[in-house]
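What you see is a predicted model, and the numbers here were worked out from it, not measured in a lab.
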Amino acid sequence: MTYFALTLWVWQRTESATAIALIMFFYQLPQIALALFSGLLVDRVSRKTLLLVSDIASACCTLSVGILALAQALQVWHLYIIAAILGCFGHLQTLTYITVVPMLVSAEHHMRVAGMGAMAGYSVSIFAPALAGVLYTLVGLFGITLIDMATFAIAALTLLLTVIPTGPSSEQDHSSDEGAPVWQRFTVGFRYILGHVELRAMVIVLSAFAGLNQIGETLYQPMILARTNGDAQVLGTVAAAAGIGGLIGGGILTVSGGFRRPRRGLLVGMMGVGIGKLIFSLGQDPLVWTGARLGTSLSEPIIFSTYTACWYATVPTHLHGRAFAADHLIGLVVGATASLIAGPLADYVFEPVAQRLPIGMAFATEPGAGMTLLYGITVVGLLLVSIIGRTLLPPLPRLGSPAESKG
């Protein structure tokens, strides 16, 4: 709710896609430096402690936004600083959570747990945008951050009552680290990825897909605001539809257990996202946007759960923190670059280009035409990556079998 309200707040003051995109950029940028040693931290420190510290720090960041808003002192540049701090602890929390899952459940249930995680995450997206769109006009940004504080208290209490095992670190791994240079300790994850053709191929294909996808994700909210004259209710409805799609997709994975052939799962998920975004980019009506976002989000959990399950099956448990951190770092570089270039490309390149297109073209004279054009180009790229990925991805081991768990 807070992020959605901040998007409205920034747009009302700037009407700039770049200003909104920079929030995501500054959220991702410091994670790049942190990722160099966060994996080693996760492999060495209590996971429960890391999750609690991350939650508390995130709550403090949100509260600071509310206080600044209440004092009418909040500036756009404040959000960039807060986003940077929040990004560091968000990265640590996400990495810790991912490594906790295989400590709690066996291999045959990894896909189901990923589906449950998607259901939890997307269910928030159903209600948060709609509620934020209504409450923003009633209680303002400070009121929304107070609600955020209440949900933090529930999350922290739940975590305190949950038993999380200590990580199964390898004594051999610890002893080999002691005499190794610092750079070798921090690059274990990268070297492991480079040494395994399956992981290396997945990282290349998914990085290309994620970069193009991130440009579209950075633009879709300001694009809707531009094309609806800043209508927060339309944006909230479309965002809620995305949550419903993700909830359904996660539910299907939870019940079915997902794809046993991971390459098929990845390609089906990527094609589904590409087709959904294609319909969204061609749509001229909020109803079409809503249906397209629902279809897109329906496919997204398939990609994430299949990809994560492949890593669980391939990487030794005592290296999970460093291997996932290396993968996350690659994703951060790709995502931060995409977020950084998306806004300026839309504002200063594609908006002027769109205005010079022939008048007869469907969207050329409408506000947000440049963002729509750029969004459509990224969609073509997504579909191409999905098709090429079928050739680049090698055969991957079957997932989710009980035998695999015993092994």
For this session: May I have the step-by-step check of side chain to side chain contact (heavy atoms under 4.5 Å, CB included) for Asn213 and Thr378, ending in yes or no?
Result: CA-CA 7 Å; Asn213 188 59; Thr378 64; over 6 Å; no
Problem set entry | Derivation and outcome, side chain to side chain contact (heavy atoms under 4.5 Å, CB included), residues Cys310 and Met202 | CA-CA 9 Å; Cys310 282; Met202 283 196 298; 3.6 Å; yes
For this session: Quick one: do Leu267 and Leu393 satisfy side chain to side chain contact (heavy atoms under 4.5 Å, CB included)? Show the steps, please.
Result: CA-CA 9 Å; Leu267 296 177; Leu393 287 175; 4.3 Å; yes
For this session: In sequence, state the C-alpha distance, the side-chain angles, and the governing distance for Arg227 and Trp289, and then conclude on side chain to side chain contact (heavy atoms under 4.5 Å, CB included).
Result: CA-CA 12 Å; Arg227 299 182 68 180; Trp289 298 337; 3.8 Å; yes
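For the atom pair Phe142 CZ and Ile147 CD1, the distance stands at 11.0 Å (nearest 0.5 Å). Atoms CD1 and CH2, on Ile82 and Trp77 in that order, are 9.5 Å from each other to the nearest 0.5 Å. The OG1 atom of Thr254 sits 12.0 Å away from atom NE2 of His109, with the distance rounded to the nearest 0.5 Å. Rounded to the nearest 0.5 angstrom, Ile279 CD1 and Thr296 OG1 are separated by 7.5 Å. Atoms CG and CZ, on Leu159 and Arg47 in that order, are 13.5 Å from each other to the nearest 0.5 Å. A distance of 9.5 Å separates CG in Leu219 from CD in Gln214, rounded to the nearest 0.5 Å.
The environment of Tyr312 atom OH is dense: over 12 non-hydrogen atoms of other residues, nucleotides or ligands sit within 6.0 angstrom.
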Do any side-chain atoms of residues 229-248 form donor-acceptor pairs under 3.5 angstrom with protein atoms, and if so which ones, sequence neighbours left out?
{"from": "Asp231", "atom 1": "OD1", "to": "Gln233", "atom 2": "N", "distance (Å)": "3.0"}
{"from": "Asp231", "atom 1": "OD1", "to": "Val234", "atom 2": "N", "distance (Å)": "3.2"}
{"from": "Thr237", "atom 1": "OG1", "to": "Gln233", "atom 2": "O", "distance (Å)": "2.8"}

Could you list the donor-acceptor pairs under 3.5 angstrom formed by side chains in residues 29-41, with sequence neighbours left out?
{"from": "Gln31", "atom 1": "NE2", "to": "Tyr27", "atom 2": "O", "distance (Å)": "2.8"}
{"from": "Gln31", "atom 1": "NE2", "to": "Gly87", "atom 2": "O", "distance (Å)": "3.3"}
{"from": "Ser38", "atom 1": "OG", "to": "Leu34", "atom 2": "O", "distance (Å)": "3.4"}
{"from": "Ser38", "atom 1": "OG", "to": "His91", "atom 2": "NE2", "distance (Å)": "2.7"}

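With sequence neighbours excluded, the residues satisfying ring-ring contact (aromatic ring centres under 6.0 Å, His included) with Tyr307 are Trp311. Not counting sequence neighbours, the partners of Val139 by the side-chain contact (heavy atoms from CB on, under 4.5 Å) test are Leu135, Ile144. Every residue was checked against the ring-ring contact (aromatic ring centres under 6.0 Å, His included) condition with Tyr97, not counting sequence neighbours, and none meets it. Contacts of Ser123 classified as side-chain hydrogen bond (donor to acceptor under 3.5 Å, both in side chains), with partners at least two apart in sequence or in another chain: none. Under the side-chain contact (heavy atoms from CB on, under 4.5 Å) criterion, Ile67 pairs with Leu63, not counting sequence neighbours. Residues satisfying the ring-ring contact (aromatic ring centres under 6.0 Å, His included) criterion with Phe89, sequence neighbours excluded, are absent altogether. Under the ring-ring contact (aromatic ring centres under 6.0 Å, His included) criterion, Phe152 pairs with no residue, sequence neighbours left out. Residues forming a side-chain hydrogen bond (donor to acceptor under 3.5 Å, both in side chains) with Tyr122 (at least two apart in sequence, or on another chain): Glu300. Shown here are the side-chain contact (heavy atoms from CB on, under 4.5 Å) partners of Leu340, two or more places apart in sequence or in another chain: Leu22, Phe25.
Taking the six-membered ring for Trp and the full ring otherwise, Phe324 and His320 have centroids separated by under 6.0 Å.
Between Ala326 and Ile193, the shortest heavy-atom contact is CB-CD1, 3.9 Å. The two residues Leu68 and His78 make their nearest non-hydrogen contact at CD1-ND1, 3.9 Å. In terms of heavy atoms, Gly115 sits closest to Leu253 at CA-CB, 3.9 Å. Closest non-hydrogen pair, Leu141 versus Ala5, comes out as CD1-CB, 3.7 Å. Shortest non-hydrogen contact noted between Ser386 and Met271 is CB-SD, 3.3 Å.
Residue pairs meeting the salt bridge (Lys or Arg N to Asp or Glu O under 4.0 Å) criterion with at least one member in residues 272-286, sequence neighbours excluded, are Glu217-Lys277.
Not one N or O on the side chain of Thr308 forms a donor-acceptor pair closer than 3.5 Å with the backbone of Ser305. The backbone N or O of Ile303 sits nowhere less than 3.5 Å from a side-chain atom of Thr306 that would complete a donor-acceptor pair.
Judged by a 6.0 Å distance limit and a 45° cone about the ring axis, Arg322 is not positioned over the six-membered ring of Tyr192.
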